[in-house]
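Comments concern the structure below.
Heads up: numbering here begins at 1 and tracks the sequence. Source: prediction; values computed, not measured.
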Amino acid sequence: MHSSAIFLIEFGAIILGLGLLGRLAGRLQFSPIPLYLLAGLAFGEGGLLPLGASEEFVAIGAEIGVVLLLLMLGLEYTASDLVSNLKTQYPAGLVDMLLNAVPGAILALLLGWGPVAAVVLAGVTWISSSGVIAKVLNDLGRLGNRETPVILSILVLEDLAMAVYLPIVTALLAGVGLAAGSVTLAIALGAAGLVLFVAVRYGRVISRFVSSEDAEKLLLVVLGLTLLVAGIAQQLQVSAAVGAFLVGIALSGEAAEGAHNLLAPLRDLFAAVFFVFFGLHTDPQSIPPVILPAFVLAVVTALTKIATGWWAARRAGISGKGRWRAGGTLVARGEFSIVIAGLAVTAGIEPQLGPLATSYVLILVILGPLTARYTEPVALRLTRKKSSADGIATPVGTMPVPASAMAPALETLEPVEDGKTERS
């Protein structure tokens, strides 16, 4: 059969399968991400029916998916929001690094892999998946929640930290000298700073340039600008995701609203392709030998991420529910972790590091949507049980408080994102 026909059959089957899995997840009121990943495992290396002709196109689609996820996340916020959040949340970024990078480094040292592998595995466990989290926030309808800017700030700090971390890791793996590594690092930092400066300082000019009443022209200009900036950022050793996110925050007003409406279907399509691609490149046979240390590391760092989000949200004055939601949302690891592990595998630093990192990410990218959804209700239920066990529960004979007596207190309450109220 002609190769183009095989490509159409394979890619058409992928898209149709994703649509059916999405429907199933919707009926179960569940994020479709784990189902997309399992589908990738079934049809990837060592799976039931490996794909051939469409694999290269799926790889390109996966890169576009991450770019669009971060662009759409950036469209939700302005440049001033970003700067203010970064100024107020940088301590949370430091806590995030300490709590989540250290467990990976410790495990690598305990396994006898050496200091370079320890630095690599620390990065794998440190960085949350911006792509997965952006998808989860959208699926759960939490983009407008009070805790979302805190989550976003941590993700942006992690992505910007990658501009420093990746050149360092690359230099360590290549064994280059201090001078060459310093030049690479300086270029990466300069590029990230330049893109951020342009987004903050000239955001209105960019929005006027992009804005158009013609939907077709607006779509082409925004999509082309995003891919161009993302590609240039990646070429300069800065994450393509960071470049796409900054394009999103640079757009405001009618341009941002119009772009959001036009790009939402494209984001959903290519984001689904990204998660399938992740599963396609995971060989199921490489998982069993490293599943135990990967599972232990996943449990530990899931708890440390929840603690990170809870602490950051508490510091920002978010209510108890929002703190648990922030912590649970940050658990997922994904694209950055795989990129970091891939560098080490290419350099031949440690044969087992690749399978362990893949297993670890696969566990957390499946667990992440679950913790995002269920951390809050589980934590609240446990705290209620603890309060009851400590004797804090309301006595049986306590009289109900009249509504008139509660009126002054109710005046101090304000609505929040989930339709309930909390004290301001």
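- Looking at Arg333 and Thr301, their side chains come closer than 4.5 Å, going by heavy atoms from C-beta outward.
- The two residues Leu251 and Ser207 come nearest to each other via the heavy atoms CA-OG, 3.3 Å.
- Residues Ala92 and Ala312 approach most closely at CB-CB, 3.6 Å, considering heavy atoms.
- Listed here is the closest heavy atom pair of Ala326 and Gly309: CB-O, 3.8 Å.
- Smallest separation of non-hydrogen atoms from Thr371 and Gly368: OG1-O, 2.8 Å.
- Here the shortest heavy-atom pairing between Leu367 and Ala302 reads CD2-CB, 4.4 Å.
- Here the shortest heavy-atom pairing between Val67 and Ala244 reads O-CB, 3.4 Å.
- Asn145 contributes atom CG, which lies 8.0 Å from atom CD1 of Ile151 (distance to the nearest 0.5 angstrom).
- You'll find the side chain of Pro91 reaches within 4.5 Å of the side chain of Trp311, heavy atoms only.
- Between the CG atom in Leu68 and the CG atom in Leu223 there is a gap of 6.0 Å [rounded to 0.5 Å].
- With rounding to the nearest 0.5 angstrom, the CG atom of Leu353 is 5.0 Å from the CH2 atom of Trp113.
- Under the 4.5 Å side-chain criterion, counting only non-hydrogen atoms from C-beta, Val132 is not in contact with Leu364.
- The backbone N or O of Ala294 lies less than 3.5 Å from no partner atom in the side chain of Ser359, so there is not a single donor-acceptor pair.
- Here the side chains of Thr329 and Arg142 are in contact, with some heavy-atom distance below 4.5 Å.
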Side-chain polar contacts of residues 260-273 - donor-acceptor pairs under 3.5 angstrom, sequence neighbours left out - could you list them?
unit_1 : atom_1 : unit_2 : atom_2 : d
His260 : NE2    : Glu76  : OE2    : 3.1
Asn261 : ND2    : Glu257 : O      : 3.3

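- For Ala105, the side chain to side chain contact (heavy atoms under 4.5 Å, CB included) criterion is met by Ala118, Ala122, not counting sequence neighbours.
- The distance from the CG atom of Leu362 to the OG1 atom of Thr358 is 8.5 Å, given to the nearest 0.5 Å.
- The backbone N or O of Ser128 lies less than 3.5 Å from a partner atom in the side chain of Glu158, making a donor-acceptor pair.
- Shown here are the side-chain hydrogen bond (donor to acceptor under 3.5 Å, both in side chains) partners of Thr375, two or more places apart in sequence or in another chain: there are none.
- Atom CG of residue Leu155 and atom CD1 of residue Ile133 lie 4.5 Å apart, to the nearest 0.5 angstrom.
- Counting heavy atoms from C-beta outward, Leu356 and Leu121 have side chains that approach closer than 4.5 Å.
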- Task: I would like to know whether Arg315 and Glu147 meet salt bridge (charged side-chain N to carboxylate O under 4.0 Å, His left out); could you show each step before the answer?
- Result: CA-CA 11 Å; Arg315 184 174 175 274; Glu147 73 274 4; over 6 Å; no

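- Considering only heavy atoms from C-beta on, Val247 stays 4.5 Å or farther from Leu228 through its side chain.
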- Message: Between Leu137 and Leu152, is the side-chain contact (heavy atoms from CB on, under 4.5 Å) condition met? List the steps.
- Response: CA-CA 10 Å; Leu137 288 173; Leu152 176 64; over 6 Å; no

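- Note that OG1 of Thr304 is 10.5 Å distant from CG of Leu330, once rounded to the nearest 0.5 Å.
- The aromatic rings of Trp126 and Tyr165 stand perpendicular to each other, their planes meeting at an angle above 60°, with 30° marking the opposite boundary.
- The shortest side-chain heavy-atom distance between Asp96 and Leu157 does not fall under the 4.5 Å cut-off.
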